[in-house]
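The block underneath contains the structure these notes are about, expressed in C-alpha cells.
Order of the sequence lines sets the chain letters (A, B, ...), proteins ahead of strands, with each chain counted from 1. In this text, all values refer to a predicted model and were calculated from it rather than measured experimentally.
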There are 2 protein chains.
Amino acid sequence: MQTVGFGQHDHAACVGGGMKAAEDACEAQGLRLTKGRRRVLEILLQEHRAMGAYDILGMLSDEGFAAQPPVVYRALDFLVANGFAHKIQKLNAYIACAHPGDSHTPVFLICRECETVAETAAPLQSTLGEVAEKIGFKIENTIVEAEGMCPTCRDTETAV
Amino acid sequence: MQTVGFGQHDHAACVGGGMKAAEDACEAQGLRLTKGRRRVLEILLQEHRAMGAYDILGMLSDEGFAAQPPVVYRALDFLVANGFAHKIQKLNAYIACAHPGDSHTPVFLICRECETVAETAAPLQSTLGEVAEKIGFKIENTIVEAEGMCPTCRDTETAV
DNA sequence: GGATGACTTGATATAGTATAACATTTGCAC
DNA sequence: GTGCAAATGTTATACTATATCAAGTCATCC
C-alpha cells in the first residue's frame, strides 16, 4: 500500500486490474492492444500520475523502444479514444483511467501545488463541491468544457 | 447585429461594454490596463471567438506593435488572471469573457466541427445538459477539471 | 499459399504553444 | 529626484503535437 492520488489503495492490484480491464475491453471490441500501446498503458498505471507525453517517451527510450514522438502520441490517442486513459487539458498530461470499462464523465481534481490528480465521477448530477469535499480537496478554480455540435453545424450536417 | 456564438446580439455594444467593464474593474482594483493589455482585450472582444495566442500576435504585428510571444502571453495572463478573458484548454485558445465583472464559473460549449465557443454559466447547480439543450447544443464530451489544493498540500501549508 | 486491404509502426521533419532570462523603461510613493 | 515595484522589450529556447510517407503486420478471401 502506498499513497496515490489523495488516498490509499493496493497499487499492485490497481495496475493488474487496469491491464486486465484493457485486455478484456480490447478482446470484446476487436481492438489490438499492441506492444507499444500496452507498454504505455502499463507505464501510466504504474506511475499513477499525470504524465507528459515526453515523460513517457523518455521512459520508452530508456527501455530501448523506438522512441519518436509519434509513437507515444499514437499510443495515447488509442488509449484515450478507447477510455483506458484520459488527457488532463490543464496540464497537457495523460493519466490512466481510474474506472476503465465503466462509461463515465471523468472529473479531475488537480492540486495546483503538487499537480497530483484525482479522478472522480459524475459531478453533473450532484454538485462538484460535494464530491471534492468528501476527499478533502479544496476547489479554487474549475474548468468545464463541453464539446459537441453547435446548432449551426447540426443543421448543416442533416442538410447534407 | 450579426451571428456570434450560437445566437444574435448587438456586437458593438458588446465590445464597448466589455471594455467599459474592464476599465471599471481596473480602476476599482488599482490594476493597470496598459496599451498592450487593452489592445489584446479589444481584439478578443472584436473577434468574439476563441483565438490562439499567435493569431493575436499576428494582428498586433500587422499593426506595428512590438510583437514577440511574451508580449501576448503577458497580456493574456493579465486578462485571464483578472477575469476579463478565459483560456479554452481544449483549444489552446483565449476568448473574451462574456460576463465580465460577475464572479462566475464559466462553462464553455465548444463545437467540434467549427470550434465556435459559447460561454454559459453555473452548470454545477443545474445540470450541464439542461443548459446546453436550451441553446441547441448537443454535448458529446465534457471536460471537467477542478484545480485547487489537495489534502496533503493543505496540511503542509498550514504546518508552515 | 498468395493476393488483398485495413490497420499499425518506423522515421524524418516541422508546426504550434509557451516560458526563461535579463536588460530597460515606466509609474508611483516617499 | 530617489527608490522601488511593476511592466515592457528582446533574444533565445523549451515544450507539446502533428504531417507525411515508407514499410511492416495481420486477418480474410479466393
Using atom [atom1] of [X] as one end and atom [atom2] of [N] as the other, report the distance to the nearest whole Å.
| X | N | atom1 | atom2 | value |
| --- | --- | --- | --- | --- |
| B:F65 | D:dG9 | CZ | P | 8 Å |
| A:L76 | C:dT9 | CG | C1' | 15 Å |
| B:R38 | D:dT8 | CZ | P | 13 Å |
| B:L57 | C:dA15 | CG | P | 16 Å |
| B:D55 | C:dG16 | CG | C1' | 11 Å |
| A:L91 | D:dA17 | CG | P | 11 Å |
| B:K90 | D:dA17 | NZ | P | 11 Å |
| A:L60 | C:dA11 | CG | P | 14 Å |

*asked:* Checking the side chain of B:H11 only, and the main-chain atoms of B:Q46 only, is there a donor and an acceptor separated by less than 3.5 Å?
replied: yes
Applying side chain to side chain donor-acceptor pair (under 3.5 Å), can you list everything that pairs with [X], at least two apart in sequence or on another chain?
| X | answer |
| --- | --- |
| A:K138 | none |
| A:D24 | A:K20 |
| A:E115 | none |

*Return the angle between end axes of the helix from C:dG1-D:dC30 to C:dC30-D:dG1, with five pairs used per end and rounding to 10°.*
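The end axes of the helix from C:dG1-D:dC30 to C:dC30-D:dG1 are about 30° apart, to the nearest 10°.
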Pull out every protein N or O sitting under 3.5 Å from an N or O of nucleotides 4-8 of chain C, one pair per line with the distance.
{"unit_1": "C:dT8", "atom_1": "OP1", "unit_2": "A:R37", "atom_2": "NH1", "d": "3.2"}
{"unit_1": "C:dT8", "atom_1": "O5'", "unit_2": "A:R37", "atom_2": "NH2", "d": "3.4"}

My understanding is that only residues two or more places apart in sequence, or in another chain, count here; which of them pass side-chain contact (heavy atoms from CB on, under 4.5 Å) with [X]?
| X | result |
| --- | --- |
| B:S61 | B:A67 |
| A:A25 | A:Q29, A:F84 |
| B:A146 | A:L109, A:L128, A:I139, A:T142 |

*Please list all pairs passing the ring pair (Phe, Tyr, Trp, His ring centres under 6.0 Å) test where one or both residues lie in residues 52-75 of chain B, with sequence neighbours left out.*
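Passing the test, one end in residues 52-75 of chain B: no pairs.
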Dump the pairs, protein N or O against N or O of nucleotides 18-21 of chain C, anything under 3.5 Å, distances to one decimal.
{"unit_1": "C:dA18", "atom_1": "OP1", "unit_2": "B:K87", "atom_2": "NZ", "d": "2.5"}
{"unit_1": "C:dA18", "atom_1": "OP2", "unit_2": "B:Y73", "atom_2": "OH", "d": "3.0"}
{"unit_1": "C:dA18", "atom_1": "O5'", "unit_2": "B:Y73", "atom_2": "OH", "d": "3.4"}
{"unit_1": "C:dA18", "atom_1": "N7", "unit_2": "B:Y54", "atom_2": "OH", "d": "2.8"}
{"unit_1": "C:dA18", "atom_1": "N6", "unit_2": "B:Y54", "atom_2": "OH", "d": "3.3"}
{"unit_1": "C:dA21", "atom_1": "N6", "unit_2": "B:R74", "atom_2": "NH2", "d": "3.2"}

*Mapping B:Q68 and B:K35 to their closest nucleotides on DNA chain D, which lands nearer the 5' end?*
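Comparing both residues, the 5'-ward one is B:K35.
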_Tell me whether the count of non-hydrogen atoms from other residues, nucleotides or ligands lying under 6.0 Å of CD in A:E27 goes above 12._
no
*For B:V71, what are the other residues in its hydrophobic cluster, where any two members join if their side-chain heavy atoms are less than 4.5 angstrom apart?*
none
*Partner set under salt bridge (Lys or Arg N to Asp or Glu O under 4.0 Å) for A:E42, not counting sequence neighbours*: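 Checked A:E42 against salt bridge (Lys or Arg N to Asp or Glu O under 4.0 Å); matches are A:R39.
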